[in-house]
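Read the structure below first, then the notes.
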Amino acid sequence: MTADGDIVKTLGTVGRAFFGGFRTLREVQRRAIPSILSGENILVASATASGKTEAIIAPLVARVMDTSAGGPPRVRILLIAPTRALVNDLAARLEAPLTRLGLTLGRQTSDHRDKDKAPFVLITTPESFDSMLVRDAQQKAGKVTDHLLAGVSAVFIDEAHLFDSTVRGDQLCWLLGRLRRLRQLDATSQKGSIQACAGSATVGAPDDLARRLLGPRALVVRVAGTREIDVFGTSDNPVWFPLAPSLRVTSLRERLELAPTAGFHNRAERRIWQALSGSGSVSMRKALIFVPTRKLCDMLSGHLAHALPRRRNLKVLAHHGSLARERREEA
C-alpha cells in the first residue's frame, strides 16, 4: 500500500497546500486521489465529513495546473453545488489552500457574481451554470469564440446524491453535455475531454449515479461506513440514543416534535434548552434546527431569539432562501 506521504508528494505543491498540516490522510483520500490524478471520471461515495472534498479537488487542481500554465486568466475548474449555501461553504473551505497556491476562487450565483474575474476555480449552482452557458459567449462569423467556460478542464459536482433521479439531475446532465459540446465548438478552447468527478453521501446504487452524471466509463470509489447519529430523548434526565438499525420507527417518532401543533414553540424551546444545558457527554455548544417551512422558520427563530437569551447569552439566527443575502451569510 502506498504511504500517505507518497500520495501527497504526487500532488506536488498542491499536496502541501491541501494536506501539509495533516500527518495522515483519510481512507477516502487514499483511495480517490491516485485515480483522479490519473484522469479518471470518479464518483466518490462516503459518509458525511469523511474528507471527500479535498480527496476530489486537490488532484483536480494538480492535474489542471500542469496543463494550463501560462496564458490569460480563465475558468479552469467548475464546481457545482445544489444550493447557494453550499456554494458559500465550499468557498470558505477552499479559499485558504487555493490562496496558498496563488490561485483565484470565485462564486457565481444570484448572490455573488465573480465570473467576470475569470477565477481559476468557479463555484456555482446548476441554474447559474445554465445561465452562463447561454449568455457568456461571443460569436464571430457564426462561430462561438471566447466563451467564459471554454477553458474548463474539470468539473466537480458536490453532494451528487441530491441530484439523483430528480429533474435538476436531468438538467445537470444536459448542462454537462452542452459544456462538452462547447469545448468542441469554441475556437479558443483547449481541445480534449473534460474530467468530471462527483462527491456523494452513501447511496444505494452509486454505479448507476456515476454513469448518469459522469458518463458510461465513470468509476466509483466507495468507502464503507456511516456517520454516527444519536437521537435526543424526552425525559427529566435527557439521554442520547444511538440511531441504530434496531431502533424502531415508532420509537424514533416518539422523540420527534411534530410541527406545527399546539404548544410546539414552547416544547421545542424546552427540548433545545435541555440539549444545550446538559452536562458532560450530553452538552452542546450549538444547535442546528430544521423545520419544514420558511414560515415556521421565521416563527420559531423569533420565539427562540426572545426566549433562549434569557437563559444564556445565545444568538439565534434564521436561514432560508427568501431572506436577504446579508442575513443568510451571517447565519
Any donor-acceptor N or O pair under 3.5 Å, side chains [X], [Y]:
X    : Y    : result
S153 : R76  : no
R84  : S110 : yes
R113 : Q108 : no

Original post:
According to a 4.5 Å side-chain heavy-atom criterion applied to Ile, Leu, Val, Met, Phe, Trp and Tyr, with indirect links allowed, do L162 and L209 form part of one hydrophobic cluster?
Top reply: no
Lys/Arg-Asp/Glu bridge criterion (N-O < 4.0 Å) met for [X], [Y]:
X    : Y    : answer
R311 : E269 : yes
R93  : E54  : yes
E330 : R327 : no
K295 : D298 : no
E159 : K52  : no
R212 : D170 : no
D114 : K117 : yes
R325 : D111 : no

Can you see which heavy atom on [X] is nearest to which on [Y], and at what distance?
X    : Y    : result
A32  : V44  : CB-CG2, 3.9 Å
L43  : A210 : CB-CB, 3.8 Å
A318 : A331 : O-CB, 3.6 Å
L296 : F264 : CD1-CE2, 4.0 Å
P206 : A45  : CB-CB, 4.4 Å

How many angstroms lie between atom [atom1] of [X] and atom [atom2] of [Y], to the nearest 0.5 angstrom?
X    : Y    : atom1 : atom2 : answer
H265 : R267 : NE2   : CZ    : 10.5 Å
F19  : L11  : CZ    : CG    : 6.5 Å
L149 : M132 : CG    : CE    : 5.5 Å
I77  : L98  : CD1   : CG    : 8.0 Å

Original post:
Residues sharing L288's hydrophobic cluster, by side-chain heavy-atom contacts under 4.5 Å among ILVMFWY, directly or via others?
Top reply: F290
Original post:
Pick from L60, N41, I57: which one makes a side-chain contact (heavy atoms from CB on, under 4.5 Å) with I36?
Top reply: L60
